[in-house]
2 protein chains.
Amino acid sequence: MDNREKIMLESLELFSKSGYDNVGIQEICDNSSITKPTLYHYFGSKSGLLEEIMLENHKKLRNAIISSAEYSGDLPLAVNKTVRSYFNFAKNNPGFYRIMLCSFCAPVNSDLYRVSHKLMLNQYEIIEKLFKSAAADHGNMKNKHTSLAVTFIGHINTYISMWLNNFRELDEDLVFSASHQFMHGIYS
Amino acid sequence: MDNREKIMLESLELFSKSGYDNVGIQEICDNSSITKPTLYHYFGSKSGLLEEIMLENHKKLRNAIISSAEYSGDLPLAVNKTVRSYFNFAKNNPGFYRIMLCSFCAPVNSDLYRVSHKLMLNQYEIIEKLFKSAAADHGNMKNKHTSLAVTFIGHINTYISMWLNNFRELDEDLVFSASHQFMHGIYS
DNA sequence: CTTCCACTATACCGATTGGTATAATACACA
DNA sequence: TGTGTATTATACCAATCGGTATAGTGGAAG
């Protein structure tokens, strides 16, 4: 594993455990067995490091959900698949998901917000597109795309957050009931 | 307004805008028109200040929801009233609610977590008690108290978070549909 | 053999961090 | 008017923050 990757992995770990602001550059370097000039050689700044971490992992998430969230006439199916994709991604990237959850409610005046905000909006857009396509077949969804997308991701994050805090498993039963419950919220 | 209160109000404002870690003691003092020894006279430390802010506001929240979340044979009613209480509290204390949302996903190794964790658990307990009482009349809720409580608060926070980010209003319609959707999740 | 480049080591920078020691002040009470 | 106490102001602390300058090392490629 090269140094760049080592730094990213290690700082992701530290950020998720202590929070971006509570981790110093020196601490990252010590844990990665590299020196400060090396870190600045690759990332330029602390927020630059955060940005690359968020960009790279967001890309993986995006790839995971973008195909699940495709509408082909069956909205419950797409919703079900998307929930499953999110759950699986969280399981495979718990450290990053922790940080992402923080970034959903990050203070406006923080590096995490500045770096992540557009990425969060991009996530909304992907899901919004699903509901926009489905609206043609579901009249009661008209002009609610954004609201639905935000609610949907919010509910998914509720379950993932529960899992991260050991309140519940992310199993196939939960995929079903979460999807089912959300769909009921649309129809009613 | 006395200095103690002035400090608490001002730092709550700053914390919610920039995050606890990004606000320095000096900045709080400048904005409150007091000096550092005064702050340390009242609160002892930065985390002590955070603790008093969280304790005091949590107390207000607790008082607001504890009567709403009382079970008197009508679960949908109690759920509805509780959602309304949360929404109203958030409307009246947006700054604190922002911080509280952060504290639900705060990194374990942070002041915010250390100060808030028990308070969050206490919130769960209050709601858990509601579902525990209701379980006598609703067989399918047995042994799901904790899970239900966490999910319930999680869903409420999703809507409040949307409101804080200007995606949606917290009106009476949303109180109804949020309650309705959650109840459907229980019955199914 | 030389050039290039990723990387290290060390030492440093100014600014800011949370926190404190000490002395002056304002005010209630006698 | 004098005294005690609660609160404040000024000035300071060591430590750490993010970030950089400089000089040098090891190894691969031409």
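Residue numbers start from 1 in every chain, and the chains themselves are labelled A, B, ... in the order their sequence lines are given, proteins ahead of strands. Model, not experiment: these values are computed from the prediction.
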Would the distance check show the side chain of A:Lys60 and the main-chain N or O of A:Asn93 forming a donor-acceptor pair, the cut-off being under 3.5 Å? no

### NZ/A:Lys129: more than 12 non-hydrogen atoms of other groups inside 6.0 Å
no

Check: protein-nucleotides 24-29 of chain C nitrogen or oxygen pairs below 3.5 Å:
none

- prompt: Is it true that a side-chain atom of A:Ser32 and a backbone atom of A:Cys29 form a donor plus acceptor pair closer than 3.5 Å?
  reply: no

So, B:Lys17 and B:Glu27, do they make that salt bridge, N to O below 4.0 Å? no

Self-check item: Main-chain N/O of A:Tyr113 paired to A:Ser116 side chain as donor or acceptor, under 3.5 Å
Solution: no

Note: contacts of residues 48-57 of chain B with DNA chain C (heavy atom, under 4.0 Å) are none

Check your understanding: Do B:Tyr20 and B:Asp111 meet the criterion of a side-chain donor-acceptor pair at a distance under 3.5 Å?
Key -> yes

- Query: Salt bridge between A:Arg114 and A:Glu51, side-chain N to carboxylate O under 4.0 Å?
  - Reply: no

Report task. Count the heavy atoms of every other residue, nucleotide or ligand shown that sit under 6.0 Å from NZ of B:Lys118, and state whether that count exceeds 12. Result -> no

Reading nucleotides 5-24 of chain D from 5' to 3' and marking B where a protein heavy atom lies under 4.0 Å of the base, S where only the sugar-phosphate is that close, and - otherwise, the string is --SSBB-------BBBB---

A:Gln181 side chain to B:Gln181 backbone, donor-acceptor under 3.5 Å
yes

Does one side chain, of A:Ser85 or A:Thr82, offer a donor that lies under 3.5 Å from an acceptor on the other? no

